[in-house]
Amino acid sequence: MNNRILGLHHITAIAGDAQKNYDFYSKVLGLRLVKKTVNFDDPGTYHFYYGDTIGTPGSILTFFPWEGIQKGRIGTGMATEIGYSVPAGSLDFWVKRLDALNIRHTPISERFGEQYIQLEDTDGLILNLVASAKADERKPWVTNDIKEEVAIKGFHSVTLMLKDSKATAKVLTDIFGYQQTAQEGNMLRFATDAIDTANIVDIIEAPNGQHGINAGGTNHHVAFRVKDDTVLMDFRKKVVAAGLHITEKIDRNYFYSLYFREPGGVLFELASENPGFVTDETLEELGTHLMLPAQYEAMRKRIEEVLPELKQN
Ligand code: ZN
């Protein structure tokens with residue numbers, strides 16, 4: 001199993017206001033901010049990582065908050081929905097909680113035999129809370145308001161919207177080891193048996209859909225999980241052999257990465273489990289300090305001045 005794609009590693013999206021983003025994900029949804037750092041390609045911008053207690057791959061949603069960014073358009077060629085796994089029987093809790101906080105959501109609906117509600121974050125990013133059909137043994141981060149029996153456990157799935165699914169499906173099946181497991185209308189479900197959680201990719205086929213525009217409230221890329229950077233480089237060969245252009249290995253401090261654009265237009269990343277988020281902070285202190293990669297440490301004072309203040313309590 002160790003040489004396979006192990007479902008999702010993280011999903012990265014674009015937000016507007018950093019404080020609103022923090023308040024929504026940490027307070028409303030009860031995720032843990034496991035790392036507060038900067039965009040390594042643009043150190044004047046935060047990069048937030050939300051996840052479970054230790055930031056387990058498959059639980060990590062990351063954001064670049066750009067103050068004042070215009071709203072993007074959710075459309076084809078991008079990931080359009082993020083599915084979070086919540087315990088069976090917890091959707092009534094979430095409905096009540098979102099109602100009390102004045103956050104709009106759909107009624108409890110059903111897709112592929114699983115109940116879910118759909119909501120938007122403060123920038124319009126679409127999230128589904130899915131009461132997974134099979135037991136999800138992952139241990140969630142808990143808060144005063146959100147106890148273990150209702151807390152978000154990590155990703156359930158990601159949804160891609162594509163004009164044509166064929167070439168993307170081929171990447172999922174032939175390179176990543178996924179199989180199509182179901183279809184409902186124009187929605188195809190793919191899953192891998194290499195891991196039990198965060199192992200689903202849904203594709204919505206929208207031949208006449210408008211192209212997505214990547215800005216506020218849209219997903220930037222979807223990262224798939226591999227055991228380590230050796231397996232990562234094995235997959236690099238497979239992607240190259242399929243005739244796709246892929247980056248060299250990039251050190252993201254908390255994982256190693258490769259990026260390639262799949263034929264349907266979605267930016268895919270492959271990311272390693274190693275070294276993880278406890279490399280530069282203790283487990284207790286995760287997310288409480290502004291962590292900078294070595295190349296920016298000398299600029300810390302200036303970077304701290306430029307970044308908007310973030311109240312974490
Ligand atoms: Zn990424």
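Order of appearance sets the numbers: ligands from 1, and atoms from 1 within every ligand.
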Listed pairs under 3.5 Å, donor-acceptor, residues 285-293 side chains, sequence neighbours left out:
from, atom 1, to, atom 2, distance (Å)
Glu285, OE1, His289, NE2, 3.4
Thr288, OG1, Glu285, O, 2.6

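The Zn ion (ligand 1) has His10 NE2, His221 NE2, Glu269 OE1 as its protein N, O or S neighbours under 2.8 Å.
Residues satisfying the ring-ring contact (aromatic ring centres under 6.0 Å, His included) test with His10, not counting sequence neighbours, are His221, Phe255.
Stacking of Lys249 on the aromatic ring of Tyr256 is recorded, both the 6.0 Å distance cut-off and the 45° axial limit being met. Both the sub-6.0 Å distance and the 45° axial angle are satisfied by Arg111 relative to the ring of Tyr116.
Within the structure, side chain to side chain donor-acceptor pair (under 3.5 Å) pairs that include any residue of residues 119-128 comprise Tyr25-Asp121, Glu81-Asn128, Gln118-Asn128 (at least two apart or interchain).
If you look at His156 and Tyr84, their ring centroids are not closer than 6.0 Å.
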